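First comes the structure, then the notes that go with it.
Start at 1 and go down the list; that is how both ligands and their atoms are numbered. These numbers come from a predicted model, not from an experiment.
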Amino acid sequence: MVKILQVAQLGNEILRYPAQPINNIGDKSVQKLIDDLIATVVATNGVGIAAPQVSQSDRLFIVASRPNLRYPNAPKMEPIAMINPQISSHSEEIVKGWEGCLSVPGIRGLVPRYRVIEVEYTDREGQLEKQKLTDFVARIFQHEYDHLEGLVFLDRVESSKDLITENEYQKQIVNQF
Ligand code: ZN
């Protein structure tokens, strides 16, 4: 049965460990973790979630961009499990955009990210995939990838003045689009 998992919050050491590569994608435990992560990201109005956020130190995350209460302007796509992901190249261009994190509730930050990235990952069937990602989806990938390295978006914010509460974000920023 699919389970909504508990999300580790800032201060929990698991968020600060580098995650380990997965070499048993076909195993029931890995497939179940993928199903549970997808259910959890949908239930929490996230657009991505990484395994370390549910206390599994594995190189796996879900990218699940779709418009919802937390991200009204997100592009719509089916949730994708990305296993042992890598960034193979990136644009010179860097753009700042607002991010939140299920592990950092109540706070948004303006985070610089590459606008375009080329990525590789293994999908849940064990196939190697190569994709070019841009803008918001590229941002999600980079945010989730950081979780596999033990980083959170707060580490990337250039100034504490680029932090804002969720309430202020909803009042000020969302209405600008
Ligand atoms: Zn996050």
- Query: Under the 4.5 Å side-chain heavy-atom rule for ILVMFWY, direct or indirect, which residues accompany Ile14?
  - Reply: Leu15, Tyr17

- Hydrophobic cluster partners of Ile87 (side-chain heavy atoms under 4.5 Å): Val47, Phe61, Val63, Tyr71, Met77, Ile80, Met82, Ile94, Tyr114, Ile117, Val119, Tyr121, Leu133, Phe136, Val137, Ile140, Phe141, Tyr145, Leu148

- Show all protein N/O/S atoms under 2.8 Å from the Zn ion (ligand 1), or state that there are none.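 Short answer, with waters excluded from the count: Cys101 SG, His143 NE2, His147 NE2.
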
- Query: So do Ser65 and Pro75 actually touch side chain to side chain, heavy atoms under 4.5 Å?
  - Reply: yes

- For the residue pair Leu69 and Gln170, what are the closest heavy atoms and their distance?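 Minimum heavy-atom contact is O-NE2, 3.6 Å.
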
- Only pairs at least two apart or in different chains count here, so list each salt bridge (Lys or Arg N to Asp or Glu O under 4.0 Å) that has a residue in residues 99-124. Asp35-Arg124, Glu93-Arg115, Glu99-Arg113, Glu99-Arg139, Arg108-Glu166, Arg113-Asp146, Arg115-Asp135, Glu120-Lys130

- Please walk me through it: do Leu10 and Val152 pass side chain to side chain contact (heavy atoms under 4.5 Å, CB included)? CA-CA 9 Å; Leu10 187 68; Val152 296; 4.1 Å; yes

